[in-house]
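Since the structure is predicted, the reported quantities are computational estimates derived from the model, not experimental observations. The analysis underlying the following values was restricted to heavy atoms, covering all of them including side chains, and did not include hydrogens, waters or symmetry mates. Throughout, protein chains are lettered first and strands after them, A, B, ... in sequence-line order, and every chain is numbered starting at 1.
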There are 4 protein chains.
Amino acid sequence: MSLASKARVAVVGATGYAGAELVRLLARHPSVQITAATSEREAGRGLGEVHPHLDFAGLTLTNAKDASAARSADIAFVALPHGSSAALVAELLDAGVRVVDLGADFRFADRKLYESWYGPHPQAGLLAEAVYGLTEHAREQVSAARLVANPGCYPTGALMALLPLASEIRGNVVVDSKSGTSGAGRGATTSQLYAEVAENVRPYKVGVHRHQPEIASRLEAGLRASGGETKPCPVLFVPQLVPMARGILTCCYVEAGGADVGEALRGTYSNDPFVRLLDEGAVPEPRNVRGTNLVEIAWRRDESSGLTVLLTAIDNLGKGAAGQAVQNMNLMLGFDETAGLELTAALP
Amino acid sequence: MSLASKARVAVVGATGYAGAELVRLLARHPSVQITAATSEREAGRGLGEVHPHLDFAGLTLTNAKDASAARSADIAFVALPHGSSAALVAELLDAGVRVVDLGADFRFADRKLYESWYGPHPQAGLLAEAVYGLTEHAREQVSAARLVANPGCYPTGALMALLPLASEIRGNVVVDSKSGTSGAGRGATTSQLYAEVAENVRPYKVGVHRHQPEIASRLEAGLRASGGETKPCPVLFVPQLVPMARGILTCCYVEAGGADVGEALRGTYSNDPFVRLLDEGAVPEPRNVRGTNLVEIAWRRDESSGLTVLLTAIDNLGKGAAGQAVQNMNLMLGFDETAGLELTAALP
Amino acid sequence: MSLASKARVAVVGATGYAGAELVRLLARHPSVQITAATSEREAGRGLGEVHPHLDFAGLTLTNAKDASAARSADIAFVALPHGSSAALVAELLDAGVRVVDLGADFRFADRKLYESWYGPHPQAGLLAEAVYGLTEHAREQVSAARLVANPGCYPTGALMALLPLASEIRGNVVVDSKSGTSGAGRGATTSQLYAEVAENVRPYKVGVHRHQPEIASRLEAGLRASGGETKPCPVLFVPQLVPMARGILTCCYVEAGGADVGEALRGTYSNDPFVRLLDEGAVPEPRNVRGTNLVEIAWRRDESSGLTVLLTAIDNLGKGAAGQAVQNMNLMLGFDETAGLELTAALP
Amino acid sequence: MSLASKARVAVVGATGYAGAELVRLLARHPSVQITAATSEREAGRGLGEVHPHLDFAGLTLTNAKDASAARSADIAFVALPHGSSAALVAELLDAGVRVVDLGADFRFADRKLYESWYGPHPQAGLLAEAVYGLTEHAREQVSAARLVANPGCYPTGALMALLPLASEIRGNVVVDSKSGTSGAGRGATTSQLYAEVAENVRPYKVGVHRHQPEIASRLEAGLRASGGETKPCPVLFVPQLVPMARGILTCCYVEAGGADVGEALRGTYSNDPFVRLLDEGAVPEPRNVRGTNLVEIAWRRDESSGLTVLLTAIDNLGKGAAGQAVQNMNLMLGFDETAGLELTAALP
């Protein structure tokens with residue numbers, strides 16, 4: 001494909017972990033060219049000075065506020081801290097740029113729910129239009145969307161397992177997730193220092209993490225969409241930080257009655273290129289999907305308790321952020337869904 | 001204390017991780033002397049050749065089968081692979097040596113339950129006598145015991161949280177545990193190589209780990225002991241391996257009705273030197289208890305789901321093995337419960 | 001490229017770390033198809049059962065001894081433990097298959113030197129023919145070779161820095177290398193357990209590692225090739241194991257007189273696609289090249305001591321093994337040197 | 001020992017890694033009581049809120065500027081960032097408090113050398129009095145000192161190996177050190193994040209680290225002290241960051257002519273309680289000394305090059321900071337040199 005015919009993409013916030021991963025994927029994507037990569041702090045520097053592994057892309061960082069490059073792109077990825085993207089997203093849409101937002105601003109359909117967890121919404125008028133981009137569950141809407149809200153990393157890991165069972169789950173859902181540290185971003189904080197993270201497992205925001213209502217509300221939406229009743233799906237979410245740069249392992253504990261869980265999962269995902277449904281006895285491991293857009297899913301029904309555990313592994317920067325964002329872009333721009341995402345984890 | 005008046009202790013299986021940790025603790029214990037340290041494979045070598053950090057103890061390894069030293073001790077710690085300790089334990093008891101067994105052979109009161117998970121019991125006659133040494137819940141029995149079955153590492157982490165609530169728990173219990181790799185022992189296996197463990201979280205034996213019936217049966221016993229009804233306490237146990245040499249973080253998910261969880265925990269543990277009940281908002285972290293016999297416990301009730309999560313952190317080689325074994329010895333020999341165990345984690 | 005026109009490649013020893021990395025690279029290479037993947041222990045199983053991340057390749061393992069597939073390939077990669085490949089290599093060459101051997105058997109031109117470190121050579125007759133495949137320094141010979149001896153991982157890291165300076169170095173060379181653990185292979189050994197490797201740096205085989213004579217002899221050959229005198233180049237090599245799955249950082253300390261080191265490096269590598277010569281102040285880091293065939297090189301002359309330190313970073317499974325093997329294959333089969341190797345490290 | 005008769009010690013800067021380690025050691029020291037623990041940022045909080053593992057010490061943080069507690073101590077440990085301790089040290093000395101300063105301000109005898117690397121000295125008048133507290137090499141001076149400058153962590157690792165050989169070393173010295181991350185302190189910086197440090201080895205300040213002149217000048221002083229000539233000892237120092245919270249492995253490369261290195265080391269250290277001279281073939285490993293004040297030393301002479309490599313392992317927070325500081329205090333206050341320091345690494 002000639003350069004002229006390639007789609008023009010902008011990466012807003014290219015020096016954070018999700019932004020850098022977007023560049024890594026997009027710079028080798030066969031059908032796009034990166035025409036803008038922005039950073040407030042590092043504008044003017046070469047991206048390779050900040051991220052030597054991305055030096056090959058030959059990009060110079062610009063300031064999103066000044067640069068018009070983002071506004072002349074066909075599509076923009078916005079990877080900014082929560083709350084700082086909404087105004088820019090509105091501006092880009094006005095300029096005719098389609099947007100995949102990797103922040104939390106547009107992930108809630110219900111403004112009140114958003115505001116009870118995040119505070120006043122800066123662009124509430126866009127909530128109705130935004131498509132929640134859990135790709136496998138929203139292909140048609142994503143393809144047609146102007147604005148895609150890329151799901152949170154933890155919700156992606158949980159919902160990929162839970163949504164196919166939405167109508168079968170009775171009572172409460174426990175989501176116990178173990179995440180690598182890149183999910184917390186590249187900002188300097190003492191709690192994320194190597195010496196604070198190594199040789200430890202640290203629970204945090206137990207039952208009060210903002211991804212809890214994201215999971216619950218999307219599960220409720222999935223229930224309604226599958227023709228189920230309108231009712232709350234209480235979720236107790238316990239995130240934990242483990243000594244790992246990338247990856248999330250999620251265990252979902254549910255009562256699924258007599259549902260044929262395997263059948264439900266196969267029925268949903270049997271043709272999906274990024275979903276690996278594991279055989280009985282196999283277990284998902286984040287390292288198997290590291291650097292990729294894959295999701296591994298397994299499950300087991302425990303006879304003594306009657307409970308079912310569903311387990312998933314994703315890369316929080318892959319299917320949990322940049323990978324899924326590119327997957328969504330591929331649908332939005334009419335490319336093969338797997339374009340630029342045919343990657344294999346480099347193990348060990 | 002003069003050497004002559006010190007209690008004579010034997011460590012059977014001194015080169016494994018639990019055995020080496022026993023030596024680390026006992027070699028600096030004010031009231032004991034190690035009179036035998038055994039190893040089948042390394043007999044004849046200095047312990048310091050195998051474990052340089054234990055060189056200061058000046059011990060030479062002997063073979064448990066040949067050596068009479070273990071039989072002339074006041075107390076013996078048996079840290080052998082499961083199934084290989086029972087015959088030796090019987091022999092030691094016959095020789096008048098009191099025993100703390102760190103294996104699984106005597107952890108079950110019910111022979112049938114044991115055999116359904118482990119196979120034929122080699123010394124079933126001793127099951128009735130063995131005391132399950134979760135120290136805080138069995139001080140009197142431990143003090144008087146000839147044979148103490150040291151609890152498994154995962155059951156210790158789970159039961160320290162669950163037992164005070166035994167009579168309040170309704171329905172099923174989910175135990176989601178994250179363990180360091182030393183719990184798998186020092187044997188050479190590909191799955192435990194650094195390159196296989198790093199940058200990953202690996203679930204294993206999901207719902208079929210042998211510690212699941214140990215937790216359930218001890219929870220049922222606790223319920224009976226607290227005057228509750230005789231009924232099964234179904235437990236779904238999901239262990240996971242994380243990149244950490246030592247430590248277990250356990251999350252227990254229960255329905256505890258309107259129980260005052262904090263009150264129950266404080267009522268049980270308020271005077272216990274090795275239990276740290278955390279204030280609201282604080283979270284247990286394995287690193288805080290690394291190298292010690294401490295247990296950190298916290299809990300949170302989630303309003304939306306009605307579920308309660310209890311979290312504990314232990315060192316699997318400390319409270320989960322060697323530390324608790326020494327704590328039990330202290331009671332058996334009439335020492336201060338904290339003797340030799342006044343240790344602080346070396347952070348970071 | 002149609003399947004029919006793709007080159008047929010065999011990977012002998014596909015379950016070890018180097019073999020698995022070969023499959024990862026070759027399975028996505030645009031101009032080859034893997035027609036045989038062998039394993040003595042795992043023959044009959046799917047490669048994806050052993051290495052889930054390679055499941056996509058759809059390969060079934062065969063036994064190198066039985067299978068004729070390797071013998072009908074255009075080229076074979078032999079990734080077996082040292083000493084066990086020589087006979088097979090001879091057999092493959094006889095069958096008309098070109099070979100890249102990733103073991104040590106053919107890395108020495110001097111039989112006596114080989115035998116003083118490794119013992120009797122099983123196929124000494126092939127030593128003269130084998131080309132030492134440090135690609136950037138042997139493009140023509142590699143292109144024409146029947147048998148390429150892929151360099152050792154440590155020698156690759158050292159020689160890429162030292163060879164351009166061969167004629168300028170006076171006196172001794174110190175090579176201080178820090179390696180990830182995959183260099184030790186996938187075999188089960190206690191010393192490579194996570195719990196033994198984490199939170200440590202372990203020197204080993206100090207001054208007696210077999211890569212020491214490989215570095216020295218190739219440095220001497222380089223000196224001769226550059227028209228320098230025939231003289232020994234004494235090398236003191238100190239390898240160290242660090243908690244890292246992949247990667248080698250090498251520091252070479254030399255007296256280089258008044259040589260213009262930067263000029264020598266630029267003169268050698270300015271057009272090489274896999275060499276990144278760093279600007280002053282920048283430092284090589286193994287993570288920057290993880291999963292790739294890249295080499296990062298930097299240097300600094302210290303005024304007070306007059307010494308020069310050269311630093312390189314490689315991935316021991318990339319440029320140090322499978323990556324360089326594929327690079328060599330590309331030359332042997334007339335493909336673009338970078339085919340199948342346009343990879344970016346997945347950071348963090 | 002009754003509380004009244006215990007020495008009163010102050011820890012200035014108790015929340016940094018070195019300060020916290022001081023508290024860990026001093027709170028269990030048999031002959032001292034901590035009467036002040038200070039922190040500028042956290043004054044007013046309990047130390048246990050910042051460092052849960054130190055909760056048992058029951059200390060409340062005060063501000064060093066306001067609190068008079070430090071001034072009424074018998075001895076004060078000052079663990080502040082470089083440059084910020086000098087004024088306080090002078091004030092404490094004036095108040096009759098003896099001081100162990102863990103910063104760099106008083107480590108140089110030569111003001112000009114200090115100022116060429118650190119800038120203007122804030123209290124140059126104290127340089128002549130300060131004793132460089134590499135304990136094994138300065139016991140008498142330390143015992144009598146008002147002000148001890150605790151050596152830097154890297155210099156400790158290098159000098160413990162090099163000083164016994166000072167008069168034998170010819171020409172240049174290469175010091176290649178691999179350090180854990182706690183050496184960089186607890187301040188929040190992106191480069192020290194887990195995700196930036198894991199799975200990597202990062203050289204930094206190659207040839208320009210401030211510990212280079214500290215090593216060189218102390219080596220020269222050692223040479224003079226041993227009756228050798230007055231001459232420069234050029235040192236090329238290359239520090240590297242490895243994924244490890246604590247510990248330093250140092251490799252020193254020297255030409256030591258025909259010196260009997262083993263004899264020189266044994267002659268110097270044979271009765272030293274914290275020095276472990278290793279047998280031939282054994283290698284120092286930081287994990288063996290983790291959490292302790294121990295130094296492991298080994299060496300090897302390479303015949304082909306004539307070079308000698310000396311290797312040492314220390315804990316940068318132990319012998320490299322807080323441990324040696326307590327060792328120095330023990331001498332200053334007339335306690336047993338090992339008091340409070342009889343510790344064993346908790347392996348694995």
Side-chain angles (χ1 to χ4, degrees), chain C residues 171-174 176 178-180 193-208 212-213 216 232-238 240 242-249 251 253 255 281 283-288 290 298-309 311 313 347-348, chain D residues 171-174 176 178-180 193-208 212-213 216 232-238 240 242-249 251 253 255 281 283-288 290 298-309 311 313 347-348:
Chain C
N172 302 314
V173 174
V174 169
D176 183 297
K178 281 68 61 166
S179 175
L193 294 179
Y194 178 88
E196 300 292 316
V197 171
E199 297 292 312
N200 198 27
V201 179
R202 185 197 302 150
Y204 67 103
K205 296 186 185 166
V206 174
V208 295
Q212 183 168 304
C233 297
V235 171
L236 169 54
F237 173 51
V238 179
Q240 293 149 74
V242 297
M244 164 166 89
R246 287 176 176 235
I248 299 179
L249 180 80
C251 300
Y253 300 95
E255 289 183 60
V283 289
E285 300 186 51
R287 71 186 211 127
N288 290 342
R290 194 192 305 153
W299 65 281
R300 182 181 179 86
R301 184 179 149 82
D302 178 61
E303 291 308 323
S304 72
S305 64
L307 294 169
T308 295
V309 54
L311 305 102
L347 294 196
Chain D
N172 302 314
V173 174
V174 169
D176 184 297
K178 283 65 63 167
S179 175
L193 294 179
Y194 177 88
E196 300 292 316
V197 170
E199 297 294 310
N200 197 27
V201 179
R202 185 198 303 149
Y204 67 103
K205 295 184 186 167
V206 175
V208 295
Q212 183 167 304
C233 296
V235 171
L236 170 54
F237 173 52
V238 179
Q240 292 148 75
V242 297
M244 163 167 89
R246 287 177 175 236
I248 299 179
L249 179 80
C251 299
Y253 300 95
E255 288 182 61
V283 289
E285 299 186 53
R287 70 187 213 127
N288 290 340
R290 194 192 306 154
W299 65 281
R300 182 180 179 86
R301 185 179 149 81
D302 178 62
E303 291 310 322
S304 72
S305 65
L307 294 170
T308 295
V309 54
L311 305 101
L347 294 194

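- Salt-bridge annotation for Arg202(C) and Glu285(D): present, with a side-chain N of the basic residue lying under 4.0 Å from a carboxylate O of the acidic one.
- Chosen from Leu307(D), Val242(D), Val208(D), the residue pairing most often with chain C at heavy-atom distances under 4.5 Å is Leu307(D).
- Here the side chain of Glu199(C) pairs no donor or acceptor atom with the backbone of Arg287(D) at under 3.5 angstrom.
- Among Gly207(D), Ala195(D), Gly281(D), the residue with the largest count of heavy-atom pairs under 4.5 Å with chain C is Ala195(D).
- Note on Val283(D), Leu249(D), Asp302(D), Asp176(D): by heavy-atom pairs under 4.5 Å with chain C, the leading option is Asp176(D).
- Highest contact tally toward chain D, considering only Asn288(C), Leu347(C), Asn200(C), is held by Asn200(C) [criterion: heavy-atom pairs under 4.5 Å].
- Heavy atoms closer than 4.5 Å to chain C are found in both the backbone and the side chain of Leu236(D).
- Partners of Tyr194(D) by ring pair (Phe, Tyr, Trp, His ring centres under 6.0 Å), not counting sequence neighbours, listed by chain and number: Tyr194(A).
- Contacts between Ala216(D) and chain C at a heavy-atom distance below 4.5 Å are absent for every atom of the residue.
- The most heavy-atom pairs under 4.5 Å with chain C, out of Gly306(D), Cys251(D), Cys233(D), come from Cys251(D).
- The contact between Val206(C) and chain D is made by backbone and side chain atoms together, counting heavy-atom distances below 4.5 Å.
- Contact of Ala313(C) with chain D is not made at all, since no heavy-atom distance falls under 4.5 Å.
- Contact annotation for Val201(C): both backbone and side-chain heavy atoms come within less than 4.5 Å of a heavy atom of chain D.
- Contact of Arg301(C) with chain D is not made at all, since no heavy-atom distance falls under 4.5 Å.
- For the set Gly171(D), Pro286(D), Pro348(D), Pro234(D), the entry with the most heavy-atom pairs within less than 4.5 Å of chain C is Pro286(D).
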Set out, in order, the CA-CA distance, both residues' side-chain angles and the distance that settles side chain to side chain contact (heavy atoms under 4.5 Å, CB included) for Asn172(D) and Tyr253(C), then state yes or no. CA-CA 11 Å; Asn172(D) 302 314; Tyr253(C) 300 95; over 6 Å; no

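- In this structure, OG on Ser179(D) lies 5.5 Å from OH on Tyr204(D), to the nearest 0.5 angstrom.
- Using a 4.5 Å cut-off between heavy atoms, Gln240(C) contacts chain D through its side chain alone, with no backbone atom that close.
- The most heavy-atom pairs under 4.5 Å with chain C, out of Pro203(D), Pro243(D), Pro284(D), come from Pro203(D).
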